[in-house]
Number of protein chains: 2
Amino acid sequence: MARSTIADVARLAGVSVATVSRALNGNPSVDPALAERVRAAAIELQYSASPLARSLVLGRTATIAVVVPDLGNPTFQEVLRGLSLAAKAEGYHVLVADSAEAVEEERALALDTRRRTDGVVLVAPRMPDDELAALLPELAPVVLVNRRPDAVPAVGADYGAGVTALLEHLHGLGHRSFAYLAGLERSVSNAARVAAIEAFAERSAITVHRLPGGVDFDAGAASADAVLATGATAALAFNDLVAMGLMSTLQGRGVDVPGELSVVGFDDIPFAAYTSPPLTTAAVPTLRLGELAWAAMSATLGASGAAPAALGSGAREPAADAASAHPLLVPDLVVRGSSGPARR
Amino acid sequence: MARSTIADVARLAGVSVATVSRALNGNPSVDPALAERVRAAAIELQYSASPLARSLVLGRTATIAVVVPDLGNPTFQEVLRGLSLAAKAEGYHVLVADSAEAVEEERALALDTRRRTDGVVLVAPRMPDDELAALLPELAPVVLVNRRPDAVPAVGADYGAGVTALLEHLHGLGHRSFAYLAGLERSVSNAARVAAIEAFAERSAITVHRLPGGVDFDAGAASADAVLATGATAALAFNDLVAMGLMSTLQGRGVDVPGELSVVGFDDIPFAAYTSPPLTTAAVPTLRLGELAWAAMSATLGASGAAPAALGSGAREPAADAASAHPLLVPDLVVRGSSGPARR
DNA sequence: TACTCGCCGGAAAGCGCTTACCCACCGCCC
DNA sequence: GGGCGGTGGGTAAGCGCTTTCCGGCGAGTA
């Protein structure tokens with residue numbers, strides 16, 4: 001029952017292992033008839049080369065690693081999915097590692113998985129800039145998601161643009177006083193949101209109450225009273241999860257959304273359309289983000305893989321940008337029922 | 001910049017590579033002082049053994065593969081997460097493969113990933129029994145999720161029990177006429193549901209209209225009219241996604257849930273609690289399912305890994321069962337707002 | 001017919017590690 | 001003081017492949 005090796009095939013075909021290797025790898029220097037004989041022997045023995053041994057000698061594993069902070073987060077799930085499908089289309093495998101939000105573990109995790117693969121796609125929104133910068137050289141080739149230290153390829157969503165679109169939407173509805181439920185302080189994408197908010201506040205007289213927050217449902221639920229206390233007419237949640245938690249508690253308090261308070265999220269996770277009321281949000285094309293992450297990785301790997309894999313799932317993309325080494329996807333504003341005219 | 005090898009360390013420490021290997025692997029036969037010298041040399045060179053070379057000679061990769069039909073499905077996402085975390089706790093890595101619901105590809109995918117890992121966890125609800133049976137021997141060690149051909153370890157949820165609990169709940173509310181939105185015909189868990197429904201129908205006079213269905217939101221949305229046409233007072237959806245799709249269309253039709261029609265789902269995905277009305281469902285402990293899948297794999301691997309990793313996330317588990325080779329988790333009935341008394 | 005050039009396939013050297021296997025050396029006992 | 005068991009560490013044989021290097025053979029030319 002033991003797996004057959006290249007030596008078995010060589011023996012059966014009556015040739016040397018070198019020839020078997022050449023024949024099976026399509027090296028044109030081997031006589032067609034001989035190659036056929038080898039192939040037949042391989043099939044008879046159900047032989048297929050050991051990826052392990054192959055990797056060792058070739059120096060490539062045809063596998064990439066993906067490190068995410070939380071596999072339970074819909075955003076990272078979609079990125080993973082897009083990445084996984086795109087990589088598969090080019091014959092690559094994906095090793096996934098969930099750092100479980102443990103920032104101090106991310107470095108070791110990334111380094112560890114890197115050694116078993118040809119490269120790593122790192123999603124580490126909370127890792128400090130200096131630590132990240134120090135880590136990158138050891139990780140190369142590496143592609144970053146939602147971080148842009150310029151030194152390496154990166155893909156990301158334009159959080160600033162998304163927030164601005166949401167604010168413009170709300171502003172148009174008459175809102176002037178906002179509550180912002182922040183994400184984690186150290187988060188890069190939180191910083192991008194805050195910057196956009198401040199820029200908007202500067203040019204249109206609005207007031208923004210920044211509230212400490214979190215990234216999940218519970219964080220939103222816990223912030224409801226604080227939001228109401230600000231007297232704001234609209235709440236901008238860090239993401240859809242937070243917005244949903246907020247709305248949930250709000251309903252419990254008997255607060256009318258959007259009558260008394262408009263609530264908007266961010267990301268447009270699959271269920272944002274089915275909350276009550278449906279959530280107004282900025283749709284981040286996360287699946288596409290994963291695909292682009294693969295494209296970037298594939299490019300730096302010099303992968304001369306299979307078909308260029310027509311990547312679908314449209315999303316507004318400045319063509320020049322999507323093709324660059326640092327594509328930045330602009331989220332689409334999705335207006336649903338959770339936002340309405342400001343209460344008087 | 002080239003990575004240092006064991007030979008470099010040997011040279012620096014002034015010993016043979018064999019000694020380096022022994023020292024670094026904690027072989028007690030090496031003199032403590034020497035071992036320390038080797039360790040120092042290794043640190044100086046930032047050496048760490050190549051997992052690839054190590055795997056080749058040891059015959060183990062410290063990696064397992066997980067094959068799922070759709071990474072976009074919350075159920076599989078949670079299973080993957082539970083599995084990934086549990087495996088990580090024992091120093092194992094996870095290679096993930098999304099078959100994208102292409103049943104004909106699953107075999108090749110499983111075989112392929114298997115060769116790069118020490119075992120595979122297979123989630124293939126749609127693969128025909130005979131094909132599955134033929135595949136298993138080639139895959140060993142393998143752990144199945146939601147399939148139970150007895151031949152190999154398997155973990156699963158007791159879909160029959162879950163459906164029965166839902167039916168009892170609805171029956172208690174006075175419902176006698178049901179619509180069942182089936183999953184894919186070939187799906188094993190669909191068969192389990194159907195069997196439970198028929199058994200229930202046999203002992204309590206009810207009528208059940210079986211409708212062709214699907215597994216996603218759209219399938220549910222598309223079935224709304226067919227459900228209404230049956231005149232049933234309660235709809236049992238294949239899963240929460242289908243139930244949500246159904247409710248969504250129902251709302252568009254102005255149908256009152258649960259006033260005119262009760263709707264129940266299955267799985268208790270994270271967002272089931274936040275639909276409008278919140279969804280009554282049977283909670284499948286998917287995270288736990290992933291953990292158990294790892295436990296089963298770990299056991300067959302004879303993994304003498306790190307700490308036995310206290311697996312949390314409670315769920316009603318017949319103790320004897322959870323410890324068995326075929327744990328079957330019983331879903332919890334979760335009553336929310338989408339189910340109510342039958343209309344008269 | 002003798003010589004050269006090409007083409008094909010074999011032998012062997014790794015890829016970076018682990019682990020028999022074996023030898024040298026030390027201390028012990030008689 | 002010489003033989004002997006025990007112990008630590010070196011030598012080398014792989015793990016299953018790929019690829020360089022080289023030799024042999026057939027064909028083409030003079």
Side-chain angles (χ1 to χ4, degrees), chain A residues 1-42 45-63 91 111-112 114-118 304, chain B residues 1-42 45-63 91 111-112 114-118 304:
Chain A
M1 191 58 200
R3 277 210 75 86
S4 48
T5 75
I6 196 173
D8 299 324
V9 179
R11 206 170 307 125
L12 180 59
V15 298
S16 75
V17 296
T19 302
V20 175
S21 175
R22 283 191 277 250
L24 264 25
N25 289 319
N27 187 319
S29 88
V30 41
D31 186 282
L34 225 199
E36 185 47 47
R37 205 168 89 216
V38 170
R39 239 169 282 130
L45 295 175
Q46 302 195 53
Y47 170 80
S48 104
S50 152
L52 230 52
R54 214 141 186 289
S55 297
L56 182 60
V57 60
L58 292 183
R60 358 172 278 107
T61 60
T63 302
L111 247 20
D112 182 20
R114 171 63 183 87
R115 298 224 49 201
R116 327 185 143 260
T117 58
D118 297 341
S304 52
Chain B
M1 193 57 200
R3 274 212 76 85
S4 48
T5 77
I6 195 173
D8 299 324
V9 178
R11 207 170 306 124
L12 180 60
V15 297
S16 75
V17 296
T19 302
V20 175
S21 175
R22 282 191 279 251
L24 264 25
N25 288 319
N27 187 319
S29 88
V30 42
D31 187 282
L34 225 198
E36 185 48 45
R37 203 170 89 217
V38 169
R39 239 169 281 130
L45 295 175
Q46 301 194 57
Y47 170 80
S48 104
S50 151
L52 230 53
R54 215 146 185 287
S55 296
L56 182 60
V57 60
L58 292 182
R60 359 172 278 108
T61 60
T63 302
L111 245 23
D112 181 19
R114 170 64 183 87
R115 297 222 54 199
R116 328 186 142 259
T117 58
D118 298 340
S304 54

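Residue numbers begin at 1 in each chain, while the letters A, B, ... track the order of the sequences. In this text, all values refer to a predicted model and were calculated from it rather than measured experimentally.
Looking at heavy-atom distances under 4.0 Å, S21(B) makes contact with a base. Nucleic acid contact class of A18(A) (heavy atoms, under 4.0 Å, all strands): base. The residue L52(B) sits apart from the nucleic acid: no heavy atom pair falls under 4.0 Å. Within 4.0 Å of L58(A), counting heavy atoms only, lie sugar-phosphate atoms of the nucleic acid but no base atom.
Put simply, CZ on R37(B) is 13 Å from C1' on dG8(D), counting in whole angstrom units. To the nearest angstrom, C1' of dC17(C) lies 14 Å from CZ of R3(B). D8(B) has its CG atom 14 Å from the C1' atom of dC15(C), to the nearest Å. The distance between atom CD1 of I6(B) and atom C1' of dC15(C), rounded to the nearest whole Å, is 13 Å. Following rounding to the nearest Å, R115(B) (CZ) and dC15(D) (C1') show an atom-to-atom distance of 13 Å. Distance CG (D118(B)) to C1' (dC15(D)): 15 Å, rounded to an integer number of Å. The distance between atom CG of N25(A) and atom P of dT20(D), rounded to the nearest whole Å, is 13 Å. Taking atom CD of residue E36(B) and atom P of nucleotide dG8(D), one finds them 17 Å apart after rounding to whole Å.
Contact annotation: N27(B) side-chain N/O to dT19(C) OP1/OP2 distance is not under 4.0 Å. Side-chain N/O atoms of R54(A) include none lying less than 4.0 angstrom from OP1 or OP2 on dG16(D). Residue T19(B) has a polar side-chain atom (N or O) positioned under 4.0 Å from OP1 or OP2 of dG10(D). Put simply, S50(A) has no side-chain N or O that comes within less than 4.0 Å of OP1 or OP2 on dG16(D).
Atom CZ of R39(A) is separated from atom CG of L34(A) by 10.0 Å, given to the nearest 0.5 angstrom. Atom-to-atom distance recorded for L56(B):CG and S50(A):OG is 6.5 Å, nearest 0.5 angstrom. Of the inter-residue distances, the one linking T19(B) atom OG1 with D31(B) atom CG reads 10.5 Å to the nearest 0.5 angstrom. S16(A) contributes atom OG, which lies 6.0 Å from atom CZ of R22(A) (distance to the nearest 0.5 angstrom).
Of all non-hydrogen atoms in Q46(A) and R3(A), the two that sit nearest each other are O-NH2, 3.5 Å.
Along DNA chain C, the nucleotide closest to V17(A) and the one closest to L34(A) are compared, and the more 5′ of them pairs with L34(A). Between P28(B) and L56(A), the residue anchored nearer the 5' end of DNA chain D, judged by the nucleotide with its closest heavy atom, is P28(B). DNA chain D is contacted by both V57(B) and V15(B); V15(B) maps to the nucleotide lying nearer its 5′ end (nearest heavy atom per residue).
Under 3.5 Å, the side chain of R22(B) and the base of dG10(D) form at least one donor-acceptor pair of N or O atoms.
Comparing atom distances between the Y47(B) side chain and each of dT18(C), dT18(D), dC17(C) picks out dC17(C) as nearest. In the set dC17(D), dT19(D), dG16(C), the nucleotide with an atom closest to the side chain of T5(B) is dG16(C).
A 4.5 Å side-chain heavy-atom check between R54(A) and N25(A) finds at least one atom pair inside the cut-off.
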